[in-house]
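Just the heavy atoms: all of them, side chains too, but no hydrogens, waters or symmetry mates, feed the values below. Order of the sequence lines fixes the chain letters, A, B, ..., with proteins taken first and strands second; residue numbering starts at 1 for each chain.
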Amino acid sequence: MATVTAVLEVKDFKAEVPPDWCPGCGDFGVLNGLFHACAELGRRPHEVLVVSGIGCSSNLPGFFRSYGVHSLHGRALPFATGAKLANHGMTVIVTGGDGDGYGIGLNHFIQAMRRNIDITYIVMDNETYGLTTGQVSPTSETGMITKTTPHGNLEGMLNPMALALASGCGYVARGFSGQPKHLQKLYTDAIRHPGFALIDVFSPCVTFNKHNSYEWFRKRVYRLEDSRHDPNDFHAAMDAALEWGEKIPIGLFYQNRSPRPSLHSQDPGLQAGVLVDQPLGVSKEQRRKLVEEFI
Amino acid sequence: MATVTAVLEVKDFKAEVPPDWCPGCGDFGVLNGLFHACAELGRRPHEVLVVSGIGCSSNLPGFFRSYGVHSLHGRALPFATGAKLANHGMTVIVTGGDGDGYGIGLNHFIQAMRRNIDITYIVMDNETYGLTTGQVSPTSETGMITKTTPHGNLEGMLNPMALALASGCGYVARGFSGQPKHLQKLYTDAIRHPGFALIDVFSPCVTFNKHNSYEWFRKRVYRLEDSRHDPNDFHAAMDAALEWGEKIPIGLFYQNRSPRPSLHSQDPGLQAGVLVDQPLGVSKEQRRKLVEEFI
Amino acid sequence: MKEPDVIVGIGGAAGDGVASAGNTLALSVARQGQAVYAYNSYQSVIRGGHSWLRLRISAEKPVNHGDQVDALIALNQDTLDRHLQELVPGGLALYNSAKMQPGHEPPVGVQLCPLPVPDLTPAYAKLPVMQNTVAVGAVIRLMGLDFTGLESVLGSTFAKKPQVVKVNVEAAKAGYDYAAAHFLPLSAQLRPTTQQWALVTGNELFAMGAAFAGCKFYCAYPMSPATHILEWFAGHGKQLGICVRQVEDEISVINMTIGASHMGARGMCATSGGGLALMTEAIGLSGMLETPVVVINVQRAGPSTGVPTKTEQGDLNQAFGASQGDFPRIIIAPLSMPDCFTTPALAFNVADRYQCPVIILSDLLLSEGNETVDPALLDVEFPIDRGELITAAPEDGNGRQAGDEPYLRYKDTASGISPRAVPGVPGHIHVAASDEHDEDGVLISDVYTDTVRRKKMVDKRTRKMATVFEHLPAPKLEGSIDAEVTLVGWGSTWGVISEAVERLNREGISTSHLQIKVLVPFHVTEVSAILGRSRRVIVVENNQSGQFARHLRAETGIKAHGHIRKYDGEPFEPKHIVAGVKKILEGGTEVVDVLSTEAGWQTEHPTGTEGDWAGRLVPAAAVIT
Amino acid sequence: MKEPDVIVGIGGAAGDGVASAGNTLALSVARQGQAVYAYNSYQSVIRGGHSWLRLRISAEKPVNHGDQVDALIALNQDTLDRHLQELVPGGLALYNSAKMQPGHEPPVGVQLCPLPVPDLTPAYAKLPVMQNTVAVGAVIRLMGLDFTGLESVLGSTFAKKPQVVKVNVEAAKAGYDYAAAHFLPLSAQLRPTTQQWALVTGNELFAMGAAFAGCKFYCAYPMSPATHILEWFAGHGKQLGICVRQVEDEISVINMTIGASHMGARGMCATSGGGLALMTEAIGLSGMLETPVVVINVQRAGPSTGVPTKTEQGDLNQAFGASQGDFPRIIIAPLSMPDCFTTPALAFNVADRYQCPVIILSDLLLSEGNETVDPALLDVEFPIDRGELITAAPEDGNGRQAGDEPYLRYKDTASGISPRAVPGVPGHIHVAASDEHDEDGVLISDVYTDTVRRKKMVDKRTRKMATVFEHLPAPKLEGSIDAEVTLVGWGSTWGVISEAVERLNREGISTSHLQIKVLVPFHVTEVSAILGRSRRVIVVENNQSGQFARHLRAETGIKAHGHIRKYDGEPFEPKHIVAGVKKILEGGTEVVDVLSTEAGWQTEHPTGTEGDWAGRLVPAAAVIT
Ligand SMILES: Cc1ncc(C[n+]2csc(CCOP(=O)(O)OP(=O)(O)O)c2C)c(N)n1
Ligand SMILES: Cc1ncc(C[n+]2csc(CCOP(=O)(O)OP(=O)(O)O)c2C)c(N)n1
Ligand code: SF4
Ligand code: SF4
Ligand SMILES: [Mg+2]
Ligand SMILES: [Mg+2]
């Protein structure tokens, strides 16, 4: 990570195309925090790869000036995993929505944590499917009325924080797009964390989720940093993960003090260095040896 | 569940075709326990549906005399969910392997728990891919040498118990096919539990997993029932879920005292009773009303 | 068309209320016996951009949205600039003169109709959307209709807020009266009728048609342009006793649907191309288990995520090739919105009878388009044919009647169809397996693999389809077999091709029309008999590579003489096809790729590249705002 | 074939050591310059069942496993009962006379060769598998080869256990000597040569060929019959610097592979039909991002889970229809095991050059079959053509050279190919999007949707393929254009058709052969030129519906005169094709569905239905065990 650092500003990360999110959409705050975090970290735009799936939130790479991929709905993490393994010199950030990451993409999310690939995963969690205009999402509250649950959502709310903890994720945090400075801090720490890092961000969909509004969140969220929470305490983190109601914690839930080595640092095939920097093909000598195995 | 009970014996549930598992395979114990549990419960074979995916373990429905489906690799849970919703008068059991359920099928597993569909899910967890002859699985231990990890598995072991707890599963248990009587008890309780129930079963693959042998498990497993574990205590359950090493707990980790209502009992479309018993189509009156909406 | 028709174009940015103005207009004229066909070209954005809705209105049912604009309602300056030049002689442009004015001269014969909205409605100051109501009132007057329809629609729309009704009715009436006093009516004046109309979309009809046909389980994952089917079901599941579920992904969707269907519930699901890709593995499962399933695929512009709000007919190859190996499947492409209503019933019946997957290929045009349909056509009780389905046993014991043959789920019958017992029925226990299996369901993929049983089972499944054409109507040629040109289309292009054929014939180019609804299996005999005699076959389809033309050739050997294709995101208009046919007849071209270049389709792209748009007459900079 | 050949059949239950005996034999004869082609018909079971391995051995390289048995090695009684009757005159049966004896008279001219194994090797009592070693020793003698090859193989196999080597060599030698003393040699005696041979499988060659061609990232989910490719890579990734990962499912597999490829690493993955179904959505992603990816699909008997250990060519439709919408793709089916070695290199080069997905269609026969290949053919440095790839910028700044045009990832070039910069290169920042996008990558699916840019981008992608045939070899007719019959096959059937052609010509039916390797895009001109002149075209393929025949007709309009198909799980043998051609020539039949009915294919099914197996001569009950 961050082998070279340059002096960079927010404008270096602003794409020419302005975001086309609805005015007031929470995703603006998320993007803004990311501009600041990347400027702070000093990675140059061409050394950063932002990968997303499909959704309002997943449009983010188009508004961020770095290499970007707008992949398939739910498949940003596998795409980014392949990308990171191929060029682990890059800073790889994955951005997307709750539907993208916790719905269709949930399997990849859990396995990516298990595999500890060095990716920062930012989920713009608006508790709905924004781009498809407001259906129930895995993080919609039980009982919530949406276009597809007119009698109320019957399913239990998916708990990304608890799942992350249960899956061995070494950096587990939650932010709120109404608090971009706080977000920025979570981002920079997450990107610096050598392994998989999750930041679930409450990012209100002002158009289709009238329930989980800015107001709703503002009334409830409190910062773990302001409480006596110890982010190295797994059990405390699990307790925080289960807290949902009048008070909802944001901030750093958990960070592993001695994190497992990240996948690229361990993969036997990557021991010579960055994959894309290696010569293609096989030496004459190796070739002979390999053919020999069949004789 | 169990509206009518009959006096049934193990032989009522034995299929004509004998299992073709390798001699000594752990799956025999799993099947045996299930014969006994079903006989004990008194559900008649035609009132039981066993659905599996693909794998050695997933061949189980072929050896069990009840309605059965041998579906796609990883897709037994969605198939069974549809089946249960269509006919919730049936007892629905899903059987499969760790690859099937925690690898390719993991997303469905988590969502099924969230949605609390009344299914008993038995995973024959042999920490390997048996049918494809011994590759690494999500529950293979870190460092384990397999055909596809000749230098040792680099990934963190997936923890099904912790994931189940984090996903709101109301009945979370683990068994060992070396202890079929104990298994039987877990099965009957699980089937009686009104909602999703997980039983992860250590079921050694004697042919391709030389590491997690009967011996290996026998040395380590202890029954939670024999310790001071309180299965209504979520935190204790999470602690048990995280225990892995010299001692590994089996038994009932967690059961929700006041479980959430199961999905079929809540679905607005099922309020008239079992779906397949309802008349097809729409009454003349309803038809008129529906067309009216467009005028 | 024999009756006069008016095409009203309503344009504005997202948020300007294009769709709701259009809806009010459509419902209003429908209440005066006018039929409507509407197509909304919109973008995936909540505010801004350019929405362009065209409503074709006539006492005679239009079957496409036409290809000109008679009356323009500009909700913003941009719309006026883009579309004024498109108006035909005799046409007119309505706009709020307090907010905009034309940037250039209108075409000859086009009437400018500035509406001084603030003066006409006191509510405007607070409710700028009143401009829409005024304009709708005005256009209704100019088409020659009276005010009653609009008044009643406004009354029912805001039924719970009498004050809102009042304000709207006043504004509408002001527009209506102002138009009467200040503008010339359109040359085409509509003839009121007493026909009742239901205003529907293809998606709503898919859903309602399926419910009428006994759909009991509907499962989906949101995906444009199929999502509204889910929304209709979600809104009606409770009252109709249908289990409706939104689940984690399309893989889960189809497997749940097959699971429900396996138990005997009629199950359906819908998605678009990307979702269908995820469903393909389970389409093979349905084929192998011989458990019916109905899947609607609403095509949108591809490949990959593509253009989610734009139409295309690009998924035929995918539907045909869905899943590995050989197994019978049925693919049906409804030709019109009313067809969307009846197709699920047909699909369920053949799925049940032939115990196989059925894919319905719709597209954005059909599924999201709006059309009026005679409500009598919707008040139908579909015949339900469940095929050889066993849902109860003679004796409710733990076995079957003494002396019965053991039940074989996959019995090798002469017809290839094996009576299907659903789980729960006593005495019919079996395992349904995705592995190859014998007649009793026992795997023959494992230790019991053998060649003879394997071939027997493949042959059994294949043989099932021998009688399927008894249940699938063959296509019929419209027009003369001796016509100079035969246009061949499939699915949603039926309406637009029909009109092009009418025009070509009027212009002296004798043209006939063959539209294909059943794509797989293919009516080889009937189609070959027709096209084998055709003088010049031209295939019209909404994709780049000519997927249907290839399918036609694969099935019948017939190579079309010409192709008219469109894949720019917008649907065909009759004029495109007329021009395409002429171009092909002129010679030198075999494939005509149609491109819509009107200024209405152009966007102000901040970094975008150039291209050959027809362009606006006045540059954006010169616009008065 | 001009050289004599011997077909050795080794049969037994799973656990009897069929595969390892076969391997020892193959390696041994290969060390004496004999070429081998082996096919193992096995079942998915760890113990029991019936495995039937045939090795065809000759100084001249065989290209299929033949269709008779010259020497039978029965490892259990069941094998002796099943296969004795299949032996041809001059053939012989070897068996451990202490454990089994023939249940019926051998066919005329067949020599029974009982081996008193316990007497020949003192190790037998403890190691019953010694019977295999004795039999291998014996058969080597009877084929006319000396003992050195076998001795050296046993030496290297057990290199670390000298005692085991000793015991095995003694047993083998005892069998060798006993055969010399007691049995007549086979009439076909093999001619030792000095040719070196490598004994390989198609899957190993895919893996090694890909590695040689610069594959740097390999990702897979286990699935028969593709798993061994993963296993080869896993075993060699460390030494070769290849990142090899087994991940959670096939969706993840292909998306990771495309991700790696997107960064500039050559990425490949492999699966079978069900896995390919899950990959289809991302194949469209590769098409839209214009990020190359190479996917191997090893076909097995379908549909659905089907028969995982059996062969078929049933996934052509699926590969062709993979993913929604239109985009360029390439599909290549290697013709032989050596072709498996070179195809990945070809695939990588065209994938890089045309920035599109390439699907390689193999099948179980090719991928899991064993063949000897001249090692010189494997010691190859493949030319690597990465197409227009930008991996470094002139200046390592935060931008490009002053005055440069801004970089456009999807530049609308004349060739349709846009130079591809990989992430990490300064000055070439862009977003690659699965939504439709403009030349600079900015979405035009959203607020910036427009028709002209949309069509431009579709056309750009389509145009790319204009030059692709320069890199994809056209098929060539083997034999005379005037032949009475032209057999057309694709992929793995090349070897078996070749031999059938030879035989038919020998029998006076003049036959030519056209084998198709590049399926998409199709060499329409070349194939039409050839088949347009053919007198009678017969398509041979290993599936039920004739997927290739349909493809051929779709592409060229050519309708074959006859079809020879097989879909019982077992591959074609030359005799099937010879008989099929004759049957078609006799008239009255257009489609010949071949079925293997030898007793070897029959299983003892506990509940199974009857069928027309050729049957065993002696019922199992009468067997002496
Ligand atoms: C395979 C597939 N299924 C469905 C879709 C349609 N789709 C696009 S975005 C989306 C959900 C968006 O929700 P989320 O990820 O929460 O993002 P948001 O728009 O709320 O930011 C869906 C279902 C798709 N693109 N691909
Ligand atoms: C889509 C798909 N991918 C891969 C496979 C191949 N496959 C069959 S079983 C299996 C894994 C079996 O492992 P597990 O579920 O743990 O069952 P076990 O055999 O160990 O009991 C795999 C990968 C398949 N059938 N379908
Ligand atoms: S729909 Fe919701 S999530 Fe999407 S841009 Fe608008 S506010 Fe944001
Ligand atoms: S391979 Fe392993 S899991 Fe499969 S049957 Fe044998 S012992 Fe059991
Ligand atoms: Mg969301
Ligand atoms: Mg397993």
Output yes when D:R453 and D:E436 qualify as a salt bridge under the 4.0 Å nitrogen-oxygen rule, no when they do not.
no
Measuring heavy-atom distances to chain D, does A:Q111 have an atom under 4.5 Å in its side chain, in its backbone, in both, or in neither?
side chain
Report the C-alpha distance between A:F13 and A:F64 in whole Å, list the side-chain angles of each, state the deciding distance to 0.1 Å, and finish with yes or no for ring pair (Phe, Tyr, Trp, His ring centres under 6.0 Å).
CA-CA 6 Å; A:F13 294 96; A:F64 191 83; 5.5 Å; yes
Which portion of A:V69 sits near chain D, non-hydrogen atoms under 4.5 angstrom:
both
Identify which part of D:L443 has an atom lying under 4.5 Å from any heavy atom of chain A, answering side chain, backbone, both or neither.
side chain
Segment of A:L85 engaging chain D (4.5 angstrom heavy-atom cut-off)
side chain
So, A:R288 and A:E285, do they make that salt bridge, N to O below 4.0 Å?
no
Inspect the contact between D:R266 and D:D352 and indicate whether a charged nitrogen and a carboxylate oxygen are less than 4.0 angstrom apart.
yes
Segment of D:A282 engaging chain A (4.5 angstrom heavy-atom cut-off)
both
Under 4.5 Å, counting heavy-atom pairs only, tell me which of D:L27, D:V442, D:D446 racks up the most with chain A.
D:D446
Distance-only donor-acceptor check, side chains A:H108 and D:E248, under 3.5 Å:
yes
Less than 4.5 Å to any heavy atom of chain A: does that hold for the side chain of D:S252, its backbone, both, or neither?
both
Hey, which of D:C215, D:A432, D:S156 has the most heavy atom pairs under 4.5 Å with chain A?
D:A432
Judged by modelled atom types alone, do A:S137 and A:D98 share a side-chain donor-acceptor pair under 3.5 Å?
yes
Where on A:I54 is there a heavy atom nearer than 4.5 Å to chain D: the side chain, the backbone, both, or neither?
side chain
Which atoms of D:R31 approach chain A - backbone, side chain, both or neither, heavy atom under 4.5 Å:
side chain
So, D:R245 and A:D267, do they make that salt bridge, N to O below 4.0 Å?
yes
D:E381 atom CD, neighbour heavy-atom count above 12 within 6.0 Å
no
Interface residue of largest heavy-atom contact number with chain D, from A:L72, A:N87, A:V291, A:T81, under 4.5 Å:
A:L72
Tell me, for A:L290 versus chain D, whether the close heavy atoms (under 4.5 Å) come from the side chain, the backbone, both or neither.
both
N-O pairing of A:R65 and A:D12 below 4.0 Å:
no
Please flag which part of D:H262 lies under 4.5 Å from any non-hydrogen atom of chain A: side chain, backbone, both or neither.
side chain
So for D:H236, is it side chain, backbone, both, or neither that comes closer than 4.5 Å to the heavy atoms of chain A?
side chain
Part of A:L77 within contact of chain D (heavy atom distance under 4.5 Å):
neither
When the 4.5 angstrom heavy-atom criterion is applied to A:R115 and chain D, the contacting part is side chain
Report the option among D:V380, D:I384, D:V373, D:V244 that has the most heavy-atom pairs separated by less than 4.5 Å from atoms of chain A.
D:V380
Please state whether the side chain, the backbone, both or neither of A:E293 comes within less than 4.5 Å of a heavy atom of chain D.
side chain
